[in-house]
Protein chains: 2
Amino acid sequence: MTSPGPSKAANPRDALGFAPHDHGHCVAAAMAAAEERCAAAGLHFTPVRRKALEILLQEHRALGAYEVLDRLREAGFGSQPPVAYRALDFLVAHGFAHKIERLNAFVACAHPGTSHSPAFMICRVCDSVAEAQATPARGALGQAAREAGFRIERTVVEAEGVCPSCAEKAGA
Amino acid sequence: MTSPGPSKAANPRDALGFAPHDHGHCVAAAMAAAEERCAAAGLHFTPVRRKALEILLQEHRALGAYEVLDRLREAGFGSQPPVAYRALDFLVAHGFAHKIERLNAFVACAHPGTSHSPAFMICRVCDSVAEAQATPARGALGQAAREAGFRIERTVVEAEGVCPSCAEKAGA
DNA sequence: GCTTGTCATGTTATCTCATATCATATATCG
DNA sequence: CGATATATGATATGAGATAACATGACAAGC
């Protein structure tokens, strides 16, 4: 369950839009942006919360709460589940992260700051997750909701499939 | 956690399109249709599976696997989790039921037989669930997937909000 | 009619995900 | 400073899910 082989993604190249990018920079930039946004909004961006976001950003894939917890513990924070869930709840509540319902796991937001209805593409092979924009109010669902008199407050849109990188490997 | 008050839906009127309907008839019709479809497809519609579907149909809301298990036990079937999960897996695999990821729960399919990408409207007040059609391949997500080279195999579309019946009660 | 294989069911054990609760500490504001 | 709110730590437990193995039902082929 640890090292090589065609196992789950350890490589950030596989995630976030499924495209390579300068990972160190993207983590640092996202952290700085979060720092600013919290200061501006009067939110307490405490050490655990900061570390939890950093953990999610470093992966660019969905992490289970207990995976996050493990790393928080390694970093010297509490080792009990509520520690992780509270930090993750904060991040989700303020738009720094999202929960992937299909995986019962969490991922850093790719477009923080901008209000959005996220949609996700989840690779069932390597577990990488890419975030896109959804337009749930348009389309068939929105129409059905209007007709039924249902007031939509939040939407979960998650597509499961195969990312280009894994499709290529499989085809090869 | 059991009887009256403004608690969770016990009334089938609240669910399935959020509209009242002849419930006894709709259960019987759905069971008969499932019976036929299984016969036609050579599927083994065994007693546990039949009972599990009946349980879901009788509620018209999302039931957790353990709720289903409780009722299966009451009906004389095995009492261990795999009993429920296996029956539910069968129903989901063959389109007689869907899993609501947001709730970690299961609901009978409202349009069985027809191949479809379901979308759900989940009332956060009474937990009722209505099924609509989604068109995930169209819209922003489909476009993002095409651009990224992501092959969508399955989509989860779930809207959380307030159903007309609960909105009315709250407004009153 | 017996053997063999397949599929379904039942049971045990265990694993992962998640939250209620209480105690303690740290910050913020009057 | 002292009061109040907010955040953290720790304990315990609840809820969701699956691996692994044993048993039973039934049809196909000899």
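Quick note: numbers below take in every heavy atom, side chains included, and nothing from hydrogens, waters or symmetry partners. In the text below, chain A, chain B and the rest are named by the order of the sequence lines, each starting its count at 1.
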Go through the structure and list residues passing ring pair (Phe, Tyr, Trp, His ring centres under 6.0 Å) with B:Phe150, not counting sequence neighbours.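 A:Phe18.
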Starting from the first five and the last five pairs of the helix from C:dG1-D:dC30 to C:dG30-D:dC1, work out the angle between the resulting helix axes, to 10 degrees.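 Roughly 20° between the end axes, to the nearest 10°.
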Roughly how many Å is it from [atom1] in [X] to [atom2] in [N], rounded to a whole number?
X	N	atom1	atom2	value
B:Leu88	C:dT9	CG	P	12 Å
B:His44	C:dT6	NE2	C1'	10 Å
B:Arg73	C:dT9	CZ	P	17 Å
A:Leu43	C:dT28	CG	C1'	15 Å
B:Phe90	D:dT18	CZ	P	18 Å
A:Leu72	D:dA7	CG	P	16 Å
B:Leu69	C:dT11	CG	P	11 Å

Which residue pairs satisfy the salt bridge (Lys or Arg N to Asp or Glu O under 4.0 Å) criterion with at least one member in residues 97-110 of chain B, sequence neighbours excluded?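 Those involving residues 97-110 of chain B are A:Glu101-B:Arg102, A:Arg102-B:Glu101, B:Arg102-B:Glu160.
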Inter- and intrachain pairs under salt bridge (Lys or Arg N to Asp or Glu O under 4.0 Å), touching residues 70-83 of chain B, at least two apart: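 For residues 70-83 of chain B: B:Glu59-B:Arg71, B:Asp70-B:Arg73.
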Return all side-chain donor-acceptor pairs below 3.5 angstrom for residues 83-98 of chain B, not counting sequence neighbours, or 'none' if the list is empty.
from: B:His94; atom 1: ND1; to: B:Phe90; atom 2: O; distance (Å): 3.0
from: B:His98; atom 1: NE2; to: B:His116; atom 2: NE2; distance (Å): 3.3
from: B:His98; atom 1: NE2; to: B:Glu131; atom 2: OE2; distance (Å): 3.2

Surrounding CD of A:Glu36 (heavy atoms of other residues, nucleotides or ligands, distance under 6.0 Å), is the total greater than 12?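 Counting neighbours around CD of A:Glu36, 12 or fewer heavy atoms of other residues, nucleotides or ligands fall under 6.0 Å, so no.
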Can you give me every donor-acceptor pair (side chain of residues 42-56 of chain A, partner residue at least two apart or in another chain, under 3.5 Å) with its distance?
from: A:Arg49; atom 1: NH1; to: A:His44; atom 2: O; distance (Å): 2.8
from: A:Arg50; atom 1: NE; to: A:Glu35; atom 2: OE1; distance (Å): 3.3
from: A:Arg50; atom 1: NE; to: A:Glu35; atom 2: OE2; distance (Å): 3.2
from: A:Arg50; atom 1: NH2; to: A:Glu35; atom 2: OE2; distance (Å): 2.7
from: A:Arg50; atom 1: NH2; to: A:Phe45; atom 2: O; distance (Å): 2.7

Sequence neighbours excluded, which residues qualify as salt bridge (charged side-chain N to carboxylate O under 4.0 Å, His left out) partners of B:Glu67?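 With neighbours one apart ignored, the set is B:Arg61.
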Identify, with sequence neighbours excluded, every residue that meets side chain to side chain donor-acceptor pair (under 3.5 Å) alongside A:Gln133.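 Here no residue qualifies.
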Identify the pairs formed between an N or O of the protein and an N or O of nucleotides 8-17 of chain D at a distance under 3.5 Å, and give each distance.
from: D:dT8; atom 1: OP1; to: A:Thr46; atom 2: OG1; distance (Å): 2.6
from: D:dG9; atom 1: N7; to: A:Arg86; atom 2: NH2; distance (Å): 2.5
from: D:dG9; atom 1: O6; to: A:Arg86; atom 2: NH1; distance (Å): 3.4
from: D:dG16; atom 1: N7; to: B:Tyr66; atom 2: OH; distance (Å): 3.4
from: D:dA17; atom 1: OP1; to: B:Lys99; atom 2: NZ; distance (Å): 2.5
from: D:dA17; atom 1: OP2; to: B:Tyr85; atom 2: OH; distance (Å): 3.1
from: D:dA17; atom 1: O5'; to: B:Tyr85; atom 2: OH; distance (Å): 3.3
from: D:dA17; atom 1: N7; to: B:Tyr66; atom 2: OH; distance (Å): 2.8
from: D:dA17; atom 1: N6; to: B:Tyr66; atom 2: OH; distance (Å): 3.3

